[in-house]
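Heads up: the structure comes next, in structure tokens.
One-based numbering along the sequence shown.
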Amino acid sequence: MARSSSSPDLTPLFAALADRTRLRLLNLMDGREVCVCYFVEVLRQSQPKISRHLAYLRRAGIVAARREGKWMHYRIERPSHSGPLAILEAALASFSADREMQSDLQRLTKACCRPRTFVTLEGAPRPTPIATSPS
């Protein structure tokens, strides 16, 4: 079946969602902007691996980045087309029933409340909630 010119190519989105680490990153970014050092701490994975997955999500168009001095901040960029948006929203909603995802959120909360107890977070800016625009 051929795609119409107005239909988005869903292949990059599905490919981005096909990896557990990338799903865990999206879970941590849902509703907030997060510095890469928090991902390293919470997911207990190397910075190069985290950065590689974040680059993949950026290329898929569902994550945006912002530099502030030496810190890189990431947030979810919701697709403008309703089809990809519905897919992303369904994926994000499913995380509430996933024990590992909830554990990641608890580790993020702990890291935000006591960043001095995590060597990698010393001086790092805390994750900040993203203001949602009224629909």
Side-chain angles (χ1 to χ4, degrees):
M1 180 157 76
R3 271 186 317 127
S4 73
S5 61
S6 63
S7 297
D9 180 6
L10 297 177
T11 305
L13 176 62
F14 280 115
L17 298 177
D19 180 87
R20 184 72 179 174
T21 299
R22 290 192 289 271
L23 292 174
R24 292 174 73 193
L25 290 167
L26 289 169
N27 177 53
L28 293 171
M29 284 183 275
D30 192 16
R32 66 189 64 80
E33 183 178 70
V34 183
C35 179
V36 71
C37 57
Y38 281 90
F39 297 134
V40 170
E41 188 63 46
V42 170
L43 301 184
R44 298 178 180 138
Q45 295 182 13
S46 70
Q47 187 273 325
K49 181 177 181 179
I50 295 293
S51 292
R52 190 171 51 252
H53 284 292
L54 288 165
Y56 200 105
L57 292 168
R58 287 178 70 188
R59 284 191 304 274
I62 55 175
V63 166
R66 173 181 69 83
R67 178 177 292 282
E68 184 178 317
K70 68 178 183 174
W71 307 105
M72 285 299 293
H73 302 268
Y74 293 87
R75 63 179 161 68
I76 293 175
E77 187 77 17
R78 290 193 161 51
S80 58
H81 193 276
S82 62
L85 177 61
I87 293 165
L88 179 59
E89 293 293 343
L92 294 171
S94 74
F95 300 155
S96 65
D98 185 300
R99 291 173 70 178
E100 183 179 36
M101 299 292 187
Q102 294 309 302
S103 176
D104 287 348
L105 288 175
Q106 290 172 352
R107 282 187 52 77
L108 179 64
T109 299
K110 181 180 175 184
C112 292
C113 294
R114 296 183 294 165
R116 289 188 185 127
T117 61
F118 299 93
V119 174
T120 58
L121 300 179
E122 192 170 325
R126 292 191 174 133
T128 56
I130 296 174
T132 56
S133 58
S135 298

For residues 52-65, please give each side-chain donor-acceptor pair under 3.5 Å, one per line with the distance, not counting sequence neighbours.
unit_1 : atom_1 : unit_2 : atom_2 : d
H53    : ND1    : R22    : NH1    : 3.2

**Request:** Mind jotting down which residue pairs meet the salt bridge (Lys or Arg N to Asp or Glu O under 4.0 Å) criterion with at least one end in residues 81-92? Sequence neighbours excluded, please.
**Result:** R78-E89

**Request:** With sequence neighbours excluded, tell me which residues meet side chain to side chain contact (heavy atoms under 4.5 Å, CB included) with S51.
**Result:** V36, Q47

**Fill in**
Residue set satisfying side chain to side chain donor-acceptor pair (under 3.5 Å) with E77, at least two apart, ordered chain then number -> R75

**Complete:** Taken to the nearest 0.5 Å, the spacing of I76 CD1 from L92 CG works out to 4.5 Å

**Request:** Pick out which of D9, T11, L17 makes a side chain to side chain contact (heavy atoms under 4.5 Å, CB included) with L13.
**Result:** L17

**Item:** Results of side chain to side chain donor-acceptor pair (under 3.5 Å) for S82 - residues two or more places apart only
**Value:** none

**Fill in**
Here the gap from Q102 atom CD to S96 atom OG, rounded to the nearest 0.5 Å, amounts to 6.5 Å

**Contacts of type side chain to side chain contact (heavy atoms under 4.5 Å, CB included), residue R66, not counting sequence neighbours** = E33, E68, H73

**Request:** Check whether any side-chain heavy atom of V42 sits under 4.5 Å from a side-chain heavy atom of K110, and report yes or no.
**Result:** no

**Complete:** The reported gap from OH in Y74 to OH in Y38 (rounded to nearest 0.5 angstrom) is 15.5 Å

**Request:** Can you see which heavy atom on Q45 is nearest to which on V40, and at what distance?
**Result:** O-CG1, 3.3 Å

**Request:** For R32 and L28, indicate whether the former's side chain and the latter's backbone hold a donor-acceptor pair under 3.5 Å.
**Result:** yes

**Message:** Hydrophobic clustering (ILVMFWY, side-chain heavy atoms < 4.5 Å, transitive) - are F14 and L85 grouped together?
**Reply:** no

**Fill in**
What one should report as the nearest heavy-atom pair of R67 and G69 is CG-O, 3.2 Å

**Asked** S46: what forms a side chain to side chain contact (heavy atoms under 4.5 Å, CB included) with it, not counting sequence neighbours?
**Response** P48, K49

**Asked** Applying salt bridge (Lys or Arg N to Asp or Glu O under 4.0 Å), which residue pairs with at least one partner in residues 97-106 are found, sequence neighbours left out?
**Response** R20-D98, R20-E100, R24-E100, R24-D104

**Message:** Has N27 got a side-chain atom pairing as donor or acceptor with F95's backbone, closer than 3.5 angstrom?
**Reply:** no

